[in-house]
Amino acid sequence: MKFFNKPLTALLIGVLSLLVLSACSTEEKTPESGVQSQSIQENGNPSEFVPADSGVLPRDGYNLPYLGLNVTLSKEIQSAMLDKTLYMGAEESLSADGAAVEYALLTWSALTEEQKTETIAYDEELFSAWRQGLSRVAVLGVYDEAHVQELDTLTGLTTHQLLGQAGSLSCYLSTDPAVETAPLFASLGVKIYKPSPLMPGDSAFAIRKEAITNLGSFTITDIEGSTFTESLFAENELTMVNLFATWCSPCVREIPELEALRHNLADRGFGIVGVVLDGVDELGNPDPKAVDKAKELAQKTGATYPFLVPDSTMMNGRLMGITAVPETFFVDREGNIVGDVYPGAHSLADWTSIVEREFSNLKGEK
């Protein structure tokens, strides 16, 4: 069984990575992978590491555009991963030219007390042997037509539930009902959509911003503490998502223009949401000062559309790697990102023209 087709050393420095970055920094780089392993603890010996610390970091969710999956973890699963009751890994096999996914798996295995603290040398064979010694609990995988015939072998499990089709890939949840933690995966959230074409040289688990075509499932709050989900997009045919920062003068100056735009086009099925990028700090924690400033801006500018604060997944990766604000994009009722991305601030007249163009594109008009 292949493990990511990448050398062990690359894995150990975080090839499997879901980074939560500060969206306001001009120093940021777009993350290369969608699932990140935990940092390696060397226990004072640079030639050894604790493999139990190399598992995928627990997050509320992972949006994987190359696989067409949005995966949501329950708090119980995350807690089990944090205390090392469960080890989450990832495996993939790509076609020889790297252009297609043969199979890609998110795996959860039970750890014994010994496996939680065991140390091994930095050796790919030893690491592979350690992983093969784990007791599989559940596997969420996508498979091409050839590999869907090998579910028992690839997963190490015998109970498989077909969840749906992600383009040409079949998505299955495989479990071992006899394992104590297996019932946790009844709450595993999986949303399936059409995957993006795999970019040359990328892992199937990568979350490059340009590959994200759907915002997926998320739960996010606004500056007043109200909760929103992806269902907010279903309210309108077209929604503008305006990314801004409270310290950005052009961002602040165009808020009244955006409110006027929203008012003028509300009866056309048009809506706006703002995202306060500096509403969280570099670690992804809420920044009360920025949130208070955003509340003040909403009051002074008369904005009635919601100002959202980035969630722990950075809206499933779409808010990562922002190097300049404001940045604006559009979303349809299903959360699909449509049309062009618009950097910089614009006047009411310019935005009106842009929105008319995006409406026409949405309807397939020329």
Side-chain angles (χ1 to χ4, degrees), residues 1-11 14-19 30-37 56 61-72 88-108 124 127-128 131-132 136 138-157 160-174 188-217 316-318 320-321 334-338:
M1 184 182 296
K2 298 180 182 178
F3 183 73
F4 253 83
N5 296 330
K6 294 179 182 288
L8 176 66
T9 51
L11 168 68
V15 172
L16 310 176
S17 181
L18 179 62
L19 299 177
T30 303
E32 294 186 355
S33 285
V35 184
Q36 176 164 346
S37 60
V56 175
Y62 311 87
N63 191 36
L64 305 171
Y66 293 153
L67 302 181
L69 296 181
N70 183 280
V71 184
T72 305
M88 182 178 174
E91 301 173 10
E92 72 174 7
S93 179
L94 306 181
S95 59
D97 60 4
V101 176
E102 295 179 341
Y103 65 82
L105 316 177
L106 291 176
T107 67
W108 290 269
E124 188 167 3
F127 183 53
S128 178
R131 282 175 49 88
Q132 290 175 8
R136 283 277 173 90
V139 174
L140 178 67
V142 294
Y143 311 83
D144 65 11
E145 185 175 355
H147 289 85
V148 80
Q149 309 301 321
E150 304 175 15
L151 293 181
D152 287 3
T153 301
L154 293 174
T155 66
L157 301 168
H160 312 290
Q161 177 187 0
L162 177 63
L163 301 184
Q165 292 294 131
S168 62
L169 301 173
S170 299
C171 179
Y172 282 85
L173 176 63
S174 305
L188 186 70
V190 182
K191 180 178 180 181
I192 303 173
Y193 56 92
K194 183 179 179 181
S196 301
L198 190 63
M199 295 182 67
D202 264 350
S203 159
F205 293 92
I207 54 169
R208 292 185 185 276
K209 186 173 69 175
E210 60 266 31
I212 298 175
T213 58
N214 184 287
L215 292 183
S217 301
N316 292 313
R318 179 55 182 82
M320 295 178 180
E334 285 74 44
N336 298 309
I337 298 174
V338 297

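Everything numeric in this text was worked out from a predicted model, so none of it was measured.
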Identify the heavy atoms of [X] and [Y] that sit nearest to each other, and give their distance.
X: Y143; Y: T155; value: OH-CG2, 3.2 Å
X: S203; Y: E92; value: OG-OE1, 3.3 Å
X: E91; Y: T107; value: OE2-CG2, 4.4 Å
X: G141; Y: L105; value: CA-CD2, 3.8 Å
X: L67; Y: P195; value: C-CB, 3.7 Å
X: A206; Y: P65; value: O-CD, 3.8 Å

Interatomic distance, [X] atom [atom1] to [Y] atom [atom2] [nearest 0.5 angstrom]:
X: D144; Y: S95; atom1: CG; atom2: OG; result: 9.0 Å
X: Y62; Y: L69; atom1: OH; atom2: CG; result: 13.5 Å
X: Y193; Y: N336; atom1: OH; atom2: CG; result: 10.0 Å
X: T72; Y: K191; atom1: OG1; atom2: NZ; result: 9.5 Å
X: S196; Y: N214; atom1: OG; atom2: CG; result: 9.0 Å
X: N63; Y: N70; atom1: CG; atom2: CG; result: 4.5 Å

**OP:** For H147, check ring pair (Phe, Tyr, Trp, His ring centres under 6.0 Å) against everything at least two apart and list the hits.
**Re:** Y103
Original post:
Can you find a pair of side-chain heavy atoms, one from L106 and one from L64, that are under 4.5 Å apart?
Top reply: yes
Subject >> 4.5 Å side-chain heavy-atom contact, V139 and Y172 >> reply: no
Original post:
Going through the distances and angles, do N316 and I212 end up as a side chain to side chain contact (heavy atoms under 4.5 Å, CB included)?
Top reply: CA-CA 9 Å; N316 292 313; I212 298 175; over 6 Å; no
**OP:** Only one of L151, V148, L163 passes side chain to side chain contact (heavy atoms under 4.5 Å, CB included) with S170; say which it is.
**Re:** V148
Original post:
Can E334 and K194 be counted as an ion pair, charged N to O under 4.0 angstrom?
Top reply: no
